[in-house]
Novice: 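This structure is in structure tokens; I'll ask about it shortly.
Basis for what follows: all heavy atoms, side chains included, without hydrogens, waters or symmetry-related copies.
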Amino acid sequence: MLSTVLVWAGSWIAMKLVVPYIGPYDFVVVRYLSGAAVLFVVLVCTGRPLAMPPWKLTLAVGLSQTAAFQGFVQTALVTGGVGKVSLMAYTMPFWVVLLAWAILGERPGWRHWAGIALAGAGLVLFVQPWAGMGDLGTVLLGVASGFCWGLGTVLSKRMFETHRPDIITFTAWQMLIGGLAITPVAWLVPQIEAQWGWQLWTGMSYIVLVASALAWLLWLAVVRRLPASVAGLSSLGVPVVAMLLAWLILHEQPHGAELGGMALILTGILVVSRAARA
């Protein structure tokens, strides 16, 4: 989980750096089709199974966790800032707790609710709604992306509990499905033409190889081993670490409310991690 948090936090920095050089939907297509291609090469080289795991759940995860999640995020980024959109996307853990309760029967205990309360208060400090929520459409798109990611996480947990697929095979197929689903959108929506200089090649190399192929494997490995609600809440470390990296690399210094939000989120993760051990 720590590796996943560090890798995905770095991906937000990389995404911000490549934004001027590629359209948002082209970015998603290149990211996930290339990441899937890398994983299929790994499957061939290691002799792992190539056949798609049970297609209904694989399709549902690819459409929700990859296509819809990234589609809503990139649409929101057209008019909204990266910080607010990413934080709205990280309402995912709260949806996971509710969906895991409804679909998987993972009844949350008091530690889960305490962790949700602390992390939710931290997110409120990050968003600072008293300073104005801005475009409501952008906020709703961000929340919708969090819901879709949460649904994909719970369905992935159902896949591992029911069918126990090879984790690399499952990751490759759901990424391929998500990338193919976004391809028509990339063709139809006007975007800037990709400028394949060293900046875009460098950023996309990290995003494809590390933040996509490797990170989705790490994430699904966490989902396979932990209750879905615990995995979801633990991912709230990503926006915290991303803000610290932005402070170090991009010189985006966090303010007092943001620092307080970071402290609350980390406390919430600690509380939930103790629930996992129990």
Side-chain angles (χ1 to χ4, degrees), residues 7-39 62-92 127 132-149 152 174-216 238-239 241-243 245-252:
V7 167
W8 270 343
S11 75
W12 284 100
I13 305 300
M15 282 193 288
K16 184 167 184 177
L17 294 175
V18 303
V19 160
Y21 305 104
I22 189 171
Y25 302 111
D26 286 341
F27 167 82
V28 176
V29 171
V30 171
R31 174 179 185 173
Y32 286 115
L33 292 187
S34 300
V38 169
L39 292 180
L63 293 178
S64 58
Q65 182 170 262
T66 303
F69 165 57
Q70 281 293 332
F72 282 132
V73 164
Q74 297 301 326
T75 304
L77 286 174
V78 173
T79 56
V82 170
K84 184 163 288 188
V85 172
S86 66
L87 288 169
M88 291 298 96
Y90 275 90
T91 57
M92 176 273 287
V127 177
M133 292 295 289
D135 181 20
L136 181 60
T138 298
V139 172
L140 292 177
L141 285 169
V143 173
S145 72
F147 175 82
C148 292
W149 186 8
Q174 68 92 18
M175 287 178 64
L176 177 62
I177 290 169
L180 290 175
I182 291 292
T183 299
V185 179
W187 282 339
L188 295 173
V189 177
Q191 304 172 81
I192 64 171
E193 185 176 350
Q195 303 171 38
W196 287 99
W198 70 268
Q199 300 94 332
L200 185 53
W201 278 110
T202 303
M204 291 306 297
S205 296
Y206 175 84
I207 289 166
V208 169
L209 297 174
V210 182
S212 298
L214 175 62
W216 279 109
V238 174
V241 177
M243 181 165 288
L245 290 176
W247 187 3
L248 293 172
I249 298 172
L250 305 176
H251 308 294
E252 297 179 0

Novice: Residues in side chain to side chain donor-acceptor pair (under 3.5 Å) with Gln191, at least two apart?
Specialist: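 With sequence neighbours excluded, Gln191 shows a side chain to side chain donor-acceptor pair (under 3.5 Å) to Asp26, given in chain and number order.
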
Novice: Looking at Ala194 and Trp196, what are the two nearest heavy atoms and their distance?
Specialist: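 Reported closest heavy-atom pair: CB-NE1, 3.4 Å.
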
Novice: Check Ser34 against Val30 and note the closest heavy-atom contact, atom names and distance.
Specialist: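 Shortest heavy-atom contact: OG-O, 2.7 Å.
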
Novice: Does the side chain of Leu39 come within less than 4.5 Å of Met175's, by heavy atoms?
Specialist: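 Result yes, sub-4.5 Å side-chain heavy-atom pair found.
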
Novice: Test side chain to side chain donor-acceptor pair (under 3.5 Å) on Tyr25 and Thr183; report intermediate values, then the result.
Specialist: CA-CA 8 Å; Tyr25 302 111; Thr183 299; over 6 Å; no

Novice: List the steps, then state whether side-chain contact (heavy atoms from CB on, under 4.5 Å) holds for Leu63 with Ile177.
Specialist: CA-CA 7 Å; Leu63 293 178; Ile177 290 169; 4.2 Å; yes

Novice: Mind checking the CD-CH2 spacing from Gln70 to Trp149? Nearest 0.5 Å is all I need.
Specialist: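 Gln70 atom CD to Trp149 atom CH2 measures 9.0 Å (nearest 0.5 Å).
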
Novice: Could you go through Phe147 and Met92, starting from their C-alpha distance and side-chain angles, then the distance that decides it, and tell me whether this counts as side-chain contact (heavy atoms from CB on, under 4.5 Å)?
Specialist: CA-CA 6 Å; Phe147 175 82; Met92 176 273 287; over 6 Å; no

Novice: Which heavy atom of Tyr21 sits nearest a heavy atom of Leu17, and at what distance?
Specialist: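 Looking at all heavy atoms of both residues, the shortest contact is CE1-O, 3.4 Å.
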
Novice: Test of understanding: with side chain to side chain donor-acceptor pair (under 3.5 Å), list the residues that count as partners of Ser145, not counting sequence neighbours.
Specialist: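 Checked Ser145 against side chain to side chain donor-acceptor pair (under 3.5 Å); zero matches.
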
Novice: Parallel, tilted or perpendicular for Tyr32 and Trp216, by the 30°/60° rule?
Specialist: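 Aromatic pair Tyr32/Trp216 classed tilted.
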
Novice: How close do Gly178 and Thr66 get, heavy atom to heavy atom, and via which atoms?
Specialist: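 Between these two residues, the closest heavy atoms are CA-CG2, 3.7 Å.
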
Novice: How long is the straight-line distance from CZ of Phe27 back to CG of Leu200, given to the nearest 0.5 Å?
Specialist: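 Rounded to the nearest 0.5 Å, the CG-CZ separation comes to 9.5 Å.
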
Novice: Would you name the heavy atoms of Cys148 and Ala68 that are closest together and state the gap between them?
Specialist: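 In this case the closest contact between Cys148 and Ala68 is SG-CB, 3.6 Å.
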
Novice: Table please: side-chain donor-acceptor pairs of residues 206-215 below 3.5 Å, with sequence neighbours left out.
Specialist:
from, atom 1, to, atom 2, distance (Å)
Tyr206, OH, Val7, O, 2.9
Ser212, OG, Arg31, NE, 2.7
Ser212, OG, Ile207, O, 2.8

Novice: Is there a side-chain contact between Leu180 and Leu33 in this structure, where contact means two heavy atoms from C-beta onward sitting under 4.5 Å apart?
Specialist: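 When only atoms from C-beta onward are counted, Leu33 and Leu180 do touch, with a gap below 4.5 Å.
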
Novice: What heavy-atom pair brings Ile182 and Ala67 nearest, and what distance separates the two atoms?
Specialist: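 Smallest interatomic distance, heavy atoms only, reads CD1-O, 3.4 Å.
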
